[in-house]
Amino acid sequence: MRILVTNDDGINAPGLAVLEEIARELSDDVWVCAPAEEQSGAGHSLTLNRPVRLHQHGPNRFSVSGTPTDSVMMALRTVMDEKPDLILSGINRGANLGDDITYSGTVSAAIEGALAGIRSIALSQVYAKEGMGDDVPFDAARQWALSAIEPLLHAPIPARTLFNINFPPINASQVKGIRAARQGFHDYSRGSVVEGRDPRGYKYYWFGLNAIEHTLDHGTDLEAIDEEYISVTPLQLDLTHHETLAALAERFKT
Ligand code: MN
């Protein structure tokens, strides 16, 4: 099995190293192609207004001066001579739960894989409080990732579908288990805008992540994490709302 490992936190992120270790437990044929710098919040963006550069860091190990989507595209079209059987994206430093996944570069790398017809899994380690920087512990992800990934390797999934895994912010020994969960919803009071002044006296604004309001609906990824379970959510790329489509068709009937 050939595995492509990528992320949105960048080629030097500690979570990528954890995921590489996990990938090597599954296969000897592991490739890494990840953004050169952190791209959290990049979503599914593709770099179109400037060139991207590819750097090789070792055997089968590359970085791209662009987004997670750029990295997967470069891996599939330029770096790898044959398509991978599996794409693993992460392990992200921080949650990718509920509506937030639309901002996620980690999930978007897996989306790009799903679009290419490759089984793709996004993995994220939730952390307890803001401002932890490089101190975010990956213990739960490190110990549990294989148990979460292995059942997904042969699970039947339709085209344009991918998996999103989140690990709760606790020690591996405290994790209660793994739960299949649907995508939850955040109340839209999400985050904060921090205002400050730079060293030259100019105002800046910086988006923060504190004060996120959760709606812990039953059966959601948010609820699973809150109850100290790992969440596994199948995601689909068809954003069409089919019931509304039928109603619209009536409305536009001539
Ligand atoms: Mn990230």
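Atoms considered below: every heavy atom in the structure, side chains included; atoms not considered: hydrogens, waters and symmetry mates. Just follow the structure's listing: the first ligand is 1, and inside any ligand the first atom is 1. Counting from 1, the numbers follow the sequence of the chain as shown.
Counting only distances under 2.8 Å, and ignoring water, the protein N, O or S atoms around the Mn ion (ligand 1) are D8 OD1, D9 OD1, S40 OG, N92 OD1.
Side-chain atoms of S27 and D29 form no donor-acceptor pair, as typed in the model, at a separation below 3.5 Å. Remark: the N164 side chain and the T233 side chain contain no N/O donor-acceptor pair separated by less than 3.5 Å.
The salt bridge (charged side-chain N to carboxylate O under 4.0 Å, His left out) search around E195 returns K203, not counting sequence neighbours. In this structure K83 satisfies the salt bridge (charged side-chain N to carboxylate O under 4.0 Å, His left out) test with no other residue, sequence neighbours excluded.
Here L115 is tied into one hydrophobic group with I101, V107, I111, L162, L235, L237, each link being a pair of ILVMFWY side chains closer than 4.5 Å.
In the displayed structure, Y204 atom OH is contacted under 6.0 Å by more than 12 heavy atoms of other residues, nucleotides or ligands.
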